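A quick note: this is a predicted structure, and the numbers were derived from the prediction, not measured. Counting starts at 1 for both ligands and their atoms, following the listed order. Only heavy atoms go into these numbers, but all of them, side chains included; no hydrogens, no water, no symmetry mates.
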Amino acid sequence: MSETADERLLVDVDGTLCRNMPRLCEYLELEYGLDVTPAEITDWSYQFESVGLGISEVITELFERRPEWFLADLDPVSGSEAALETLSDAGYEIWIVTHRPSDTHDLTREWLAEQGMTYDHYVSDVPESKAEVSGDVLIDDYHGNVTDAVRAGMTGLAFDRPYTERIDHDRAYRVQTWEDVLDLLVFDTEVPGEAG
Ligand SMILES: [Mg+2]
């Protein structure tokens, strides 16, 4: 265990710190009468055939029409708040990097504060590739972001969600829980399952 990790962690929000999929499914039911559960959304570009919409279009619609309903009051991912505190205590600098639209950043910062999430900096203008933000480790649930990061020389931790594809790279790790993140980054223990 390192008391002075002295590394910068880039931490995603949706699917990493908060559980946004249950709210998305709620919206699909209210607005389109679709009966979908988060477990069924097994592809990052999932298509809801009966209404002719892809998931990214639904998310864009929610950001535009009902941002507060979509983003306020979301449940945190289990263990995330305690893990950020432990990582900070271990010497990691924590930067929040989300691709949510910039006009929703105040809502996101409010949510982070309400949840007691520990972080040092909120990146307001995240480039399309998160790998362009200067950091040592990216923690994210989207395989595309993690792939960009490991190719740029960072360590990448990909949260295992139904839509997260495997990444074949020796700096990429798949994590199930925030306890797995701590095992890797603070306690230096092996995470069960694959590394890379
Ligand atoms: Mg995400």
Side-chain angles (χ1 to χ4, degrees), residues 8-28 36-46 54-64 67 69-81 83-84 87 94-112 115 117-119 121-133 135-152 154-167 169 172-178 180-181 184-185:
R8 182 178 301 151
L9 305 185
L10 309 180
V11 181
D12 173 49
V13 176
D14 289 312
T16 300
L17 291 176
C18 82
R19 299 176 67 239
N20 61 329
M21 282 298 171
R23 182 66 46 90
L24 185 109
C25 289
E26 198 181 335
Y27 178 74
L28 285 165
V36 188
T37 64
E40 291 170 74
I41 301 174
T42 53
D43 192 298
W44 188 261
S45 48
Y46 194 88
I55 194 160
S56 63
E57 292 165 291
V58 177
I59 289 173
T60 301
E61 196 174 286
L62 267 163
F63 280 137
E64 285 171 2
W69 180 80
F70 185 33
L71 300 179
D73 221 24
L74 290 175
D75 288 333
V77 171
S78 174
S80 53
E81 179 225 324
L84 290 189
L87 289 160
I94 298 166
W95 283 20
I96 302 295
V97 289
T98 175
H99 278 141
R100 286 180 177 180
S102 56
D103 61 359
T104 62
H105 285 338
D106 283 345
L107 284 169
T108 304
R109 281 188 284 250
E110 277 169 35
W111 184 87
L112 291 165
Q115 300 297 326
M117 298 287 182
T118 303
Y119 64 96
H121 177 58
Y122 186 101
V123 182
S124 303
D125 195 9
V126 177
E128 194 176 332
S129 171
K130 291 185 181 180
E132 289 172 24
V133 180
D136 300 290
V137 181
L138 173 68
I139 308 176
D140 205 293
D141 61 323
Y142 175 43
H143 46 272
N145 290 333
V146 177
T147 299
D148 289 344
V150 295
R151 285 185 182 156
M154 288 187 223
T155 295
L157 274 55
F159 261 94
D160 185 21
R161 305 296 178 217
Y163 47 79
T164 314
E165 293 174 14
R166 306 224 159 234
I167 303 157
H169 193 287
Y173 297 85
R174 198 170 182 88
V175 291
Q176 309 295 324
T177 64
W178 275 96
D180 287 349
V181 174
L184 272 168
L185 297 180

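- The side-chain hydrogen bond (donor to acceptor under 3.5 Å, both in side chains) analysis of residues 11-20, with sequence neighbours excluded, yields the pairs D12-T16, D12-K130, D14-R100.
- W95 and Y119 have their aromatic ring centers separated by at least 6.0 angstrom.
- By the side chain to side chain donor-acceptor pair (under 3.5 Å) test, W111 is found to be paired with no residue, residues two or more places apart in sequence or in another chain being considered.
- Salt-bridge annotation for D160 and R174: present, with a side-chain N of the basic residue lying under 4.0 Å from a carboxylate O of the acidic one.
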Exercise. Passes side chain to side chain contact (heavy atoms under 4.5 Å, CB included), V77 versus W178? Steps please.
Worked result: CA-CA 8 Å; V77 171; W178 275 96; 3.7 Å; yes

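- With sequence neighbours excluded, the residues forming a side chain to side chain contact (heavy atoms under 4.5 Å, CB included) with E61 are Y27, E31, Y32, L53, R65, listed by chain and number.
- Take a cut-off of 2.8 Å around the Mg ion (ligand 1): the protein N, O or S atoms inside it are D12 OD2, D14 O, D141 OD1.
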